[in-house]
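Remarks on the structure that follows.
None of these values were measured; they are calculated from a predicted model. By convention in this document, chain letters (A, B, ...) are assigned in the order of the sequence lines, proteins followed by strands, and residues within each chain are numbered from 1.
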Amino acid sequence: MLYFSDLLPYSDLFFSGLMTTVELTILTTFLGIALGTSCATIKQYGHHLAKRLVTTYVELIRNTPFIVQLFFIFFGLPSIGFKLSPWEASVIALTINLGAYSTEIIRAGLNNIGKGQIEAAKVLGLNFRQMLVHVIFIPAFEKIYPALTSQCVIVMLGSAVISQISVEDLTYAANLVQSRNFRAFESYFVTAFLYLGLSVLLRFAFNLLGKRLFAFREAR
Amino acid sequence: MSLVDLHQVHKYYGDFHVLKGIDLSINAGEVISIIGKSGSGKSTLLRCINGLEAYQKGGIVVDGNEVTSEDVQVRRLALSVGMIFQNFNLFPHKTVGENVMLAPTIVLKKSKAEAEKIARNMLEKVGLAEKFDNYPDTLSGGQQQRVAIARALAMSPKVLLCDEITSALDPELVGEVLKVLETLAEEGITLILVTHEMNFAREVGNRVVFMHQGKVWEEGDPKVLLTNPQTDELKQFLGAVL
Ligand SMILES: Nc1ncnc2c1ncn2[C@@H]1O[C@H](COP(=O)(O)OP(=O)(O)O)[C@@H](O)[C@H]1O
Ligand SMILES: [Mg+2]
């Protein structure tokens, strides 16, 4: 027999866990994409040494498990004097992770911008920063928007791991509830359902933003 | 003093000697047609004039300023030299109006209202006032190229460089673009165009420059030069295009 009603007393816990995950997702999505955009720009247009540095960072993150990155930041860094709260460590770890993966994605978008666009911007007198902002970024993001959206969803789902360093997110709530009422099936079922809802919402938000940013697409 | 002055310009791509000592002097208001075989260095010449490419020897002076290809220099040149490309290179995510308004707004720091007024004027001039809010992808090639001309004109350049700007167009669309150029020529803008349109060069141009193997092989009055070429190379070239 299943007893979903046994979860009701813990609905506040689920709700606050959900909110924590939402907050963290919004924050790290913004920060991660900002980091990825900066790194992709450096990789595409930057100087030799800066490119090497970015490549090293990206490969380091993409070839190690997220949980190890998180533990390193939370448990490892204090030994060299960086003491971080679980929340801070999570924000940093998730941002760095999304930053690395999105660097490669956004780079592909930048690569897709024709030389002609850049030359047109140059001969109109735009400086490098103006060219990025007004000419390059929007069409570049349009090309890779679905991939970027998926990566953000992946990182959001991966954030479940931060319950391991006792950030009270959705997964933390699920663990806590099932340890109290032993309703593991119900607890994780509901949690899975909530993550699914978050994924749908996140994709929906991205689509909405995409419609605004890429209005020119409709014209084709 | 002439508006554009090239003195013994040499340009290399690696070991490849593309421009071999170009001397060329262009006065304000002149319409110069540069003709020549593919690979003779016509595009490279234009791109050296506006600093898109660096050259290794000689000198180029535009409107009293020495041209180097430093980024800052390209931007300063952009104030006096406009360029139009074979493939239009309009910004696809901006409407026609936004394409034209962009540089006046962010480079010349004009107010939005002012930039819009300029943009509407320029689009009127190329006959596309009603396309202000359309996206480039919805326009024909000929229309896109006219928008590109309007975009360049919005910066009130002294010289307009055109690199085979009708070559990517369907034959029936070439006329509308040439017509715009003709109007500009009548208004006295300085035009340097790489072109295969011999009729245009003859009827509208003041001078034809024939390039061959990285050199100015022959130059002169279009009506004289095109009917009475002096060198075998030009004869051969004209035989091939006419
Ligand atoms: N970026 C480049 N790198 C190396 N070689 C180039 C480059 N651009 C042009 N060239 C070479 O320089 C020569 C002249 O090119 P170009 O000026 O484009 O000629 P045209 O416009 O007369 O056809 C050609 O042989 C071409 O292959
Ligand atoms: Mg060419």
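- A pairwise comparison of heavy atoms in A120(A) and N89(B) identifies CB-O, 3.6 Å as the closest pair.
- The neighbour count for R62(A) CZ, taken as heavy atoms of other residues, nucleotides or ligands under 6.0 Å away, is above 12.
- Atom CG of residue D137(B) and atom CZ of residue R217(A) lie 12.5 Å apart, to the nearest 0.5 angstrom.
- Taken from CD in E98(B) to NE2 in H134(A), the straight-line distance is 11.5 Å, to the nearest 0.5 Å.
- In this structure, Q130(A) contributes its side chain and I106(B) its backbone to a donor-acceptor pair below 3.5 Å.
- Ring geometry for F216(A) versus Y135(B): interplanar angle of 30 to 60°, hence tilted.
- One finds the CD atom of E119(A) at 7.5 Å from the CE atom of M83(B) (value rounded to the nearest 0.5 Å).
- No more than 12 heavy atoms of other residues, nucleotides or ligands sit less than 6.0 Å from atom CD of E124(B).
- Residue-environment remark: CZ (F204(A)) stays at or below the threshold of 12 foreign heavy atoms within 6.0 Å.
- Within a 6.0 Å sphere centred on NZ of K37(B), heavy atoms belonging to other residues, nucleotides or ligands number 12 at most.
- The part of L90(B) that comes within reach of chain A is its backbone (N, CA, C, O), which places non-hydrogen atoms under 4.5 angstrom from that chain.
- Only the side chain of F85(B) comes within less than 4.5 Å of a heavy atom in chain A; its backbone stays farther off.
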Show, in sequence, the C-alpha distance, side-chain angles and deciding distance for F214(A) and H93(B), and conclude whether the side chain to side chain contact (heavy atoms under 4.5 Å, CB included) test is met. CA-CA 7 Å; F214(A) 314 127; H93(B) 59 298; over 6 Å; no
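- The environment of K122(A) atom NZ is sparse: at most 12 non-hydrogen atoms of other residues, nucleotides or ligands sit within 6.0 angstrom.
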Let's go through V123(A) and L52(B) carefully: what are the C-alpha distance in whole Å and the side-chain angles of both, what is the deciding distance for side chain to side chain contact (heavy atoms under 4.5 Å, CB included) to 0.1 Å, and is it a yes or a no? CA-CA 8 Å; V123(A) 303; L52(B) 275 182; 3.8 Å; yes
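- Surrounding CZ of F82(A) are at most 12 heavy atoms belonging to other residues, nucleotides or ligands under 6.0 Å away.
- A 6.0 Å sphere centred on OH of Y188(A) holds more than 12 heavy atoms belonging to other residues, nucleotides or ligands.
- Using a 4.5 Å cut-off between heavy atoms, R151(B) contacts chain A through both its backbone and its side chain.
- Using a 4.5 Å cut-off between heavy atoms, N87(B) makes no contact with chain A at all.
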